[in-house]
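See below for the structure under consideration.
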Protein chains: 2
Amino acid sequence: MKIGELANETGLSTKTIRYYEDIGILPEPGRQANGYRSYNPSIIDRVGFIKDAQASGLSLVEIQIILELRDEGESTCEHTVRLLESHLEAVEHQIIDLHRTKAQLQKMIIKAKALDPADCQNPNRCQTISATHL
Amino acid sequence: MKIGELANETGLSTKTIRYYEDIGILPEPGRQANGYRSYNPSIIDRVGFIKDAQASGLSLVEIQIILELRDEGESTCEHTVRLLESHLEAVEHQIIDLHRTKAQLQKMIIKAKALDPADCQNPNRCQTISATHL
DNA sequence: AAATACCTTCCAGTCGACTAGAAGGTGGCG
DNA sequence: CGCCACCTTCTAGTCGACTGGAAGGTATTT
């Protein structure tokens with residue numbers, strides 16, 4: 001399986017595949033006589049996992065840690081679970097932060113709408129903006 | 001008011017203040033005879049707004065748009081409100097995405113925990129990872 | 001006069017995940 | 001034999017929001 005075929009199968013670009021190899025998240029494949037990369041089809045699953053994990057918001061570095069542990073045959077589950085749990089925590093924090101952001105934006109918008117647009121003509125003190133200093 | 005004093009007042013570093021000037025989000029201040037930047041204290045409010053807006057997740061570019069409109073004395077409120085609303089929408093999308101991510105992570109964790117860690121000793125097919133292909 | 005603390009400009013680097021392009025080699029088809 | 005798609009490596013650029021450092025000028029204190 002050549003790199004282009006793998007790209008077609010997985011939806012990654014050949015550039016991205018080589019990049020993943022560079023950063024070590026994909027192993028160096030074998031080579032054909034002409035130097036072309038030659039992939040074992042099992043690599044498709046690995047790419048699939050990478051995409052899934054990435055969709056869950058894991059960074060390539062985090063994914064790499066999981067995959068390295070797996071490659072070394074360590075008691076991966078525990079490590080993986082710990083990593084997933086810490087990431088879950090981070091995601092929960094992000095959600096809380098975004099809710100705070102959302103509330104602030106809504107406040108800004110409500111205040112801005114309540115103002116008479118004509119007041120905005122004073123360039124030194126736009127009401128919308130002044131009003132946002134809560 | 002020199003740049004260091006402004007930095008102290010606002011909590012920004014002098015580097016950041018110069019950077020904001022470079023990208024145009026802060027106006028070029030006057031200069032003292034020796035070439036030092038000389039700020040009008042009103043700049044503190046502008047920095048305050050920048051910080052508030054940033055805390056609400058607006059990018060410097062978005063903030064710059066608002067400030068430019070204000071500087072031009074246009075009917076800023078409407079533009080600002082539109083910008084804030086579109087950002088609010090983006091934030092809401094992000095929240096939804098993160099909830100999906102969270103659910104996926106929780107699924108992964110539950111499945112991983114339900115497995116016998118001993119099964120993980122097979123380096124070619126860690127159960128946690130295989131299980132994540134939902 | 002020296003030390004220090006501040007100021008100036010400009011250039012470079014960081015993080016993350018790629019993407020673009022140059023310059024050249026290879027495989028297969030008509 | 002020409003053509004085109006594919007492959008190779010390498011370098012460098014992108015976005016956003018800074019941060020670091022060099023090399024030098026200035027203000028104040030001791």
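If you're wondering where the values come from, they're calculated on a predicted model, not measured in any experiment. The chains referred to below are lettered A, B, ... by the order of the sequence lines, with proteins before strands, and numbering in each begins at 1.
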Self-check item: Expected output: side-chain A:Glu92 to main-chain B:Lys102 donor-acceptor under 3.5 Å
Solution: no
Practice problem: Describe the nucleic acid contact of B:Arg37 in one word from base, sugar-phosphate, nothing, applying a heavy-atom distance below 4.0 Å. | Solution: sugar-phosphate
Atom pairs under 3.5 Å: protein N/O with N/O of nucleotides 24-26 of chain D:
residue : atom : partner : partner atom : Å
D:dG25  : N2   : B:Tyr36 : OH           : 2.9
D:dT26  : O4'  : B:Tyr36 : OH           : 3.3

Exercise. Return the value, rounded to whole Å, for the distance between atom CZ of A:Arg18 and atom P of D:dC7.
Key: 7 Å
Quiz item: Quick one: B:Gln64 CD to D:dC15 C1', roughly how many Å, whole number?
Solution: 15 Å
Quiz item: Could you give the CD1-to-P distance, from A:Ile50 to C:dG16, as a whole number of Å?
Solution: 16 Å
Exercise. Output yes when a side-chain donor or acceptor of A:His87 lies under 3.5 Å from a complementary backbone atom of A:Arg82, and no otherwise.
Key: no
Quiz prompt | Interatomic distance, A:Asn40 atom CG to A:Leu6 atom CG [nearest 0.5 angstrom] | solution = 11.0 Å
Quiz prompt | Separation between CD1 of B:Ile43 and CD1 of B:Ile3, rounded to the nearest 0.5 Å | solution = 10.5 Å
Quiz item: Expressed in angstrom and rounded to an integer, what is the separation of B:Leu12 atom CG from D:dT19 atom C1'?
Solution: 13 Å
Exercise. In whole angstrom, give the distance that lies between atom CD1 of A:Ile3 and atom C1' of D:dT9.
Key: 12 Å
Exercise. Measure from CG on B:Leu26 to C1' on D:dC18 and round the result to the nearest Å.
Key: 14 Å
Quiz item: How would you label the contact of B:Glu62 with the nucleic acid (heavy atoms, under 4.0 Å): base, sugar-phosphate, or nothing?
Solution: nothing
Self-check item: A:Ser13 or A:Ala33, whichever maps to the more 5' nucleotide of DNA chain C
Solution: A:Ser13
Quiz prompt | Closest-nucleotide ordering on DNA chain C, the 5'-leading residue of A:Tyr19 and A:Gln32 | solution = A:Tyr19
Quiz item: Rounded to the nearest 0.5 Å, how far apart are OG1 of B:Thr101 and CG of A:Leu58?
Solution: 9.0 Å
Self-check item: Check: B:Thr10 main-chain N/O paired with B:Lys51 side-chain donor or acceptor under 3.5 Å
Solution: yes
Exercise. Check if the side chain of B:Lys15 and the base of D:dG21 share a donor-acceptor pair of N or O atoms closer than 3.5 Å.
Key: yes
Practice problem: For residues 23-39 of chain A, pull every pair meeting salt bridge (Lys or Arg N to Asp or Glu O under 4.0 Å), keeping only residues two or more places apart or in separate chains. | Solution: A:Glu21-A:Arg37
Quiz item: Can you tell which of C:dT8, D:dC18, D:dT8 lies closest to the side chain of B:Gln54?
Solution: D:dC18
Quiz item: Considering heavy-atom distances to DNA chain D, does B:Leu58 or A:Glu5 have its closest nucleotide positioned more toward the 5' end?
Solution: A:Glu5
Quiz item: Say you draw a straight line from OH of B:Tyr19 to CG of B:Leu60; how long is it, rounded to the nearest 0.5 Å?
Solution: 6.0 Å
Practice problem: Ignoring hydrogens and angles, tell me if any N or O in the side chain of B:Glu5 forms a donor-acceptor pair with the backbone of B:Lys2 under 3.5 Å. | Solution: yes
Exercise. Nearest whole angstrom, please: distance from the C1' of C:dC18 to the CD1 of A:Ile25.
Key: 13 Å
Quiz item: OP1, OP2 of C:dA17 versus side-chain N and O of A:Thr16: anything below 4.0 Å?
Solution: no
Exercise. For the residue pair A:Ser38 and A:Gln32, confirm or rule out a side-chain donor-acceptor distance under 3.5 Å.
Key: no
Quiz item: Which is true for B:Ile23 with a 4.0 Å heavy-atom rule: it touches a base, it touches only sugar-phosphate, or it touches nothing?
Solution: nothing
Practice problem: Starting from P on C:dG16, measure out to CG on A:Asp22 and report it in whole angstrom. | Solution: 16 Å
Self-check item: Presence of A:Arg31 side-chain N/O under 4.0 Å of D:dT8 phosphate oxygens OP1/OP2
Solution: yes
Please list, for nucleotides 28-30 of chain D, all pairs of protein and nucleotide N/O atoms separated by less than 3.5 Å.
none

